Each structure stands twice: as structure tokens, then as C-alpha cells.
2 protein chains.
Amino acid sequence: MKDLEQKIRSFTPVSDSDMEFGLQFYKREELKKGSHLIQPGQYIHDFYFMKQGCVTYYTIEDGITRVMEFFTDGSFFTDLYPYIEEIPSESYLEVTEDSVVYTISKSDALKVFDHSHALERFGRLSMQKAFINNFQRMNRIKNLSNQERYLQLLERRPSLFQRVPQYLIASYLGLTPVGLSKIRKRLSKQ
Amino acid sequence: MKDLEQKIRSFTPVSDSDMEFGLQFYKREELKKGSHLIQPGQYIHDFYFMKQGCVTYYTIEDGITRVMEFFTDGSFFTDLYPYIEEIPSESYLEVTEDSVVYTISKSDALKVFDHSHALERFGRLSMQKAFINNFQRMNRIKNLSNQERYLQLLERRPSLFQRVPQYLIASYLGLTPVGLSKIRKRLSKQ
DNA sequence: CGTATTTATTAAACCAGTTTAATTAGAATC
DNA sequence: GATTCTAATTAAACTGGTTTAATAAATACG
């Protein structure tokens, strides 16, 4: 779990004994492409760290799939709102690529935060970072054209386009597959 | 500062002595409508709690004002990214209504988090809440029509429409004033 | 007050997306 | 390798916004 340890330490210093205490609760899991970590109706008991792979976070409303996020290498994730509120999820976390995650249960995570002020701080700082990332993403969505956002995504996360089918990327960008295809065509003509 | 204290305790239990320690660093400030808490180029030293009033958080790019948020009674706020990274802001925090805020400097806030595990936890939980709010807002932006979002805003924060001119609300919704006016007209005809 | 200024609405032309449906391209499976 | 299924592209008609400009309504102020 060197990668997880390193990730945590990139936020704030943590003593070896606190780190050892925290890491003992994480379990390594191998996930097969096509399986579901979470489906609508389920309660969310766990928090995940993606060691390697890709999970797509989406909902289906009125038959329309809406991709909210792709979680790839090095990211912490879960379906946070139902996780916190202890209500059933309305979303999917679908394994889009064979993956390896480290999993910690909510009750264990709370034990860790209780036990270690440093790891509680890590929790605060990682949440802060998640907030900022998301805030910036929201402002991109609001202020940029679809074409600009497509180009930015190409630049910021080029590997996504190898890993994930285009219609899911379209959904992530808030477009229809037809719309994304038109944008690509327009760009290729220039 | 009863309201601030209550707000903090709504997140997690905090002992009286920790609370006293934390609150001592907050300063009450009265802000006049039209003044600026933050302007582009400035470094952000403080974190704010809005006791009462309204502050508009926006940028101006290519002469276009883009409203990112309205901070009203009971919310914690600052220009978070420059605050954390200690880089100059590119945004405005403009007082849109005579307001009262409690202010704490970044260095004092760090002291508080160092001193009290409970308040560090409050920091984590409040950031978590901010993240979720924002995530849900982003998904509204992505998945709802402009008309639906206008109606939701009317329902969720009706007082905004009394406090803030319509062209700023249009910007907040990602519309032009003309666009919002059309939506309102369409709705009034039904 | 009446005048100046700002804010909101309306109209017209335009455009970047949508929907639906047909076609082509690519992948998986027998 | 042919067949089947899924994904991506294209076309055509449509729609909900945009921009620009003019007008009307509301607000501020000398």
C-alpha cells in the first residue's frame, strides 16, 4: 500500500505509528470490468482508493445515463452523499476497466479519525482538495463552451479517451453522442 | 457569536474550552454595501462566516461578469483556492448588502486546528458538506434545463430575488439577462 | 420633483446544440 | 470469416438559447 501511504503523506505529515494504525483497516480488492461496486438502492458502507483502473460514477434518470465522474488511478471516491447520510444510493459505481482498489469501511474510517489527529487533518485536506477540484469543474461547465470543455478534457485527461467509450465521455461533458461527434467533426475540419 | 458557535456545533460536538479557544480569534466586522472584501491581485488571508448579509463572489473575464456564488446568512466562505495556495486572487468578493461577518486569519485558523482535534473535525465535516453541496449543484447545472434551474433557485433561495439584481442571478445561472427574461416570460404565459 | 442612469424586457436574426432516424464502422461471438 | 451487436457518424428538422439593438420600467439623485 505504498501508493496509498504516499498519497496520504502528500497532504500532511503523518507519524509512522499513525500511518500503520490507519492502513491496517484498508483491504485490497480486485475488481472485474463490468461489475458494480454500488447500485441504486444499496447503502454505502465503504470508502475507496483507486490504486489502478477506472470506475464510472453515474445515474440513470428517465432512461438517460448521466455520468458524473470517472475515478482513475490515485483518486479517493465513494458515493459520498448516501455514504454520509446513510440513505440508499441512487447511483452506480461501475467498474469500467479491471481495477484494484483499497477499501475501508465507514466505521473503520471513523476509528482512524478518532485515533489520529494527523489523519483527521488528512481527511480535512483531502476533502478541501476535492471541493476545489469540483468547484473549478463547475465553473468550467458554466463558463466554457462545450467545445472548449471537450478540448480541455482532451488535454487534462487524455488517457480517458483510450479507456472509456465516447458516449460516456459525451455524457460526462453534458452532451449527446451526436453533439460530441459534431464537435469532433468541426474540429477536424480546421 | 452564539450563531457561529451553534453553527459549528451543528457539525460535531466541541468542548466548551475548545470552543472558547477557537472563538477568541474571530473578529466581528461590519461591511458596507458596495465595498469589496477581495479584489483581483490580492492575497487571501482570511476566512469568513456570514452572520447576516450578502456577498457576491464573481470574476470578470473579457469584460464579462461571471457570478460563482452568493454567500448569505450562515455560510462560511472565502476565495478558497488562492487562500490555500497562497497565490493572488482573480476574483471579487463584493458586499451586495450591508453585512456582518466574523473573520479569522489563516494563521489563527491553523492554530485552532492544531490545538483542537474536535475543531479539526469540524473543519473536515464542513468541507465535506461544502463539497457535497457543490457536487449536487454541478449535477443540477449539467442535467437540468436552464428553466428548471431557475425554478429550483426560486424555490431553494427565494430571498435571493429580493436581495440581488436579476442580471447577477442570470449570470449565476449561466445565462444572459436576455435569456433569463425570456424564461420568465415563457413561464408567466403558462 | 424631473432628469439621468441603471435594469429589465422585447424583437429579430443567428447559432450551437437537440432529437430522430439512417448509415457506417468496429468489436465480439459463434 | 460471417454474423451480430454495439458504437460512432451523418443528415435534417427543430429548439432554446445567444447577440445586438431598441424600448420600457425602475431607481437614484441634483
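Order of the sequence lines sets the chain letters (A, B, ...), proteins ahead of strands, with each chain counted from 1. Keep in mind the model is a prediction, meaning the values are calculated, not measured.
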Check nucleotides 22-25 of chain C against the protein and report each pair of N or O atoms closer than 3.5 Å, with its distance, or say if there are none.
none

Once you round to the nearest 0.5 Å, how far does CZ of B:Arg149 lie from NZ of B:Lys142?
13.0 Å
Judged by atom type as modelled, is there a donor-acceptor pair below 3.5 Å linking the side chain of [X] to the main-chain atoms of [Y]?
{"X": "B:Asp98", "Y": "B:Lys33", "value": "yes"}
{"X": "A:Ser171", "Y": "A:Thr65", "value": "yes"}
{"X": "B:Lys51", "Y": "B:Ser99", "value": "no"}

Between [X] and [Y], what is the ring plane arrangement, given parallel below 30°, perpendicular above 60°, and tilted in between?
{"X": "B:Phe49", "Y": "B:Phe76", "answer": "tilted"}
{"X": "A:Phe21", "Y": "A:Phe25", "answer": "perpendicular"}
{"X": "B:His117", "Y": "A:His117", "answer": "parallel"}
{"X": "A:Phe71", "Y": "A:Phe77", "answer": "parallel"}

Single-linkage hydrophobic cluster B:Leu144~B:Leu151, side-chain heavy atoms < 4.5 angstrom
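Hydrophobic grouping puts B:Leu144 apart from B:Leu151.
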Side-chain heavy atoms under 4.5 angstrom apart, residues restricted to Ile, Leu, Val, Met, Phe, Trp, Tyr: same cluster for A:Phe135 and A:Leu80?
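Yes; A:Leu80 is reachable from A:Phe135 via cluster members.
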For A:Lys111 and A:Asp108, what are the C-alpha separation, side-chain angles and deciding distance, and is it a salt bridge (charged side-chain N to carboxylate O under 4.0 Å, His left out)?
CA-CA 5 Å; A:Lys111 268 185 227 162; A:Asp108 286 343; 3.1 Å; yes
Give a yes/no on whether any side-chain N or O of B:Arg186 is located under 4.0 angstrom from OP1 or OP2 of D:dG17.
yes
Within residues 163-182 of chain A or reaching into it, pairs that qualify as ring-ring contact (aromatic ring centres under 6.0 Å, His included) - sequence neighbours excluded:
A:Phe70-A:Tyr172
Write down the protein N/O and nucleotide N/O pairs, taken from nucleotides 3-10 of chain C, whose separation is under 3.5 Å; answer none if there are no such pairs.
{"residue": "C:dT7", "atom": "OP1", "partner": "B:Tyr167", "partner atom": "OH", "Å": "3.2"}
{"residue": "C:dA8", "atom": "OP1", "partner": "B:Gln166", "partner atom": "N", "Å": "2.8"}
{"residue": "C:dA8", "atom": "OP2", "partner": "B:Tyr167", "partner atom": "N", "Å": "3.1"}
{"residue": "C:dT9", "atom": "OP1", "partner": "B:Arg184", "partner atom": "NH2", "Å": "3.3"}
{"residue": "C:dT9", "atom": "OP2", "partner": "B:Gln166", "partner atom": "NE2", "Å": "2.5"}
{"residue": "C:dT9", "atom": "OP2", "partner": "B:Ser181", "partner atom": "OG", "Å": "3.3"}
{"residue": "C:dT9", "atom": "O5'", "partner": "B:Ser181", "partner atom": "OG", "Å": "3.3"}

Per the under-4.0 Å heavy-atom filter, residues of residues 138-156 of chain A near DNA chain D come out as none
Residues, nucleotides or ligands: over 12 heavy atoms within 6.0 Å of A:Glu61 CD:
yes
CD1 of A:Ile183 versus C1' of D:dT10: gap in Å, rounded?
15 Å
Which of residues 56-65 of chain B sit near DNA chain C, with a heavy atom under 4.0 Å from it?
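DNA chain C contact set from residues 56-65 of chain B: none.
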Mind checking whether B:Tyr26 and B:Tyr102 have ring centres under 6.0 Å apart?
no
Might you work through the side-chain hydrogen bond (donor to acceptor under 3.5 Å, both in side chains) test for B:Ser89 and B:Asp79, ending with a clear yes or no?
CA-CA 7 Å; B:Ser89 174; B:Asp79 187 4; 2.6 Å; yes
Please produce a list of atom pairs where a protein N or O lies less than 3.5 Å from an N or O of nucleotides 28-30 of chain D.
none

